[in-house]
Amino acid sequence: MTGPRHDPDMVRPYVRTGGRVRPRRNVLLESVVIAATSPTDELGPDSRRVMNLFSVGRGGLAVADIAAALQLPPSTIRILVSSLMDSGHLASPAAAVNDQPENDLLQKVLDGLRELV
């Protein structure tokens, strides 16, 4: 028998999220987030690891990509990202309302696709 493990990476997700079990915001795995300009000195180690993924000039990252890069459970990353959004460190770009196509155009596309089938 070898005794207890002393692996520093064996931190439970509950500890990593500060005891939170659900994100405060509706953060999906496909949600894209970008770094906002806020100091990161007061952040915990896992939140700093998330923020370090955003280098200067780099665009947004999907929550799933952050989870893969940090090799942490997606549920944990969703909670961390939600907290970072609440503190102003991360933001989610808003979809432009004016970029939506007109309903008439969508109907014509749908009708055209149906003719092809």
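The first residue of the sequence shown is numbered 1, and numbering continues consecutively from there.
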What's the spacing between [X] [atom1] and [Y] [atom2] if we round to 0.5 Å?
{"X": "L72", "Y": "I77", "atom1": "CG", "atom2": "CD1", "value": "4.5 Å"}
{"X": "L43", "Y": "L80", "atom1": "CG", "atom2": "CG", "value": "10.0 Å"}
{"X": "Q71", "Y": "I66", "atom1": "CD", "atom2": "CD1", "value": "14.5 Å"}

Provide the full list of salt bridge (Lys or Arg N to Asp or Glu O under 4.0 Å) pairs with a residue in residues 60-71, sequence neighbours left out, each pair given once.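 Applying salt bridge (Lys or Arg N to Asp or Glu O under 4.0 Å) to every pair that reaches into residues 60-71, excluding sequence neighbours, yields nothing.
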
How close do P93 and V32 get, heavy atom to heavy atom, and via which atoms?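 Residues P93 and V32, closest heavy atoms: CD-O, 3.4 Å.
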
Minimum heavy-atom separation for F54 and L90, please, with both atom names.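 Looking at all heavy atoms of both residues, the shortest contact is CE1-CD2, 3.6 Å.
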
Qualifying residues under side chain to side chain contact (heavy atoms under 4.5 Å, CB included), relative to [X], sequence neighbours excluded:
{"X": "D86", "result": "R24, R25, S82"}
{"X": "L28", "result": "N26, E30, S31"}
{"X": "L29", "result": "V63, A64, P74, R78"}

Atom pairs and distances, side-chain donor-acceptor, residues 107-117, under 3.5 Å, sequence neighbours left out:
unit_1, atom_1, unit_2, atom_2, d
Q107, NE2, D111, OD1, 3.0

Taking side chain as C-beta onward, heavy atoms only, is V50 less than 4.5 Å from H89?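 Sidechains of H89 and V50: no contact.
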
Are L53 and L84 grouped together when hydrophobic residues (ILVMFWY) are joined by side-chain heavy atoms under 4.5 angstrom apart?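 L53 and L84: one cluster.
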
Can you check whether V33's main-chain N or O pairs, donor with acceptor, with S92's side chain at less than 3.5 Å?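 A pair under 3.5 Å: no.
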
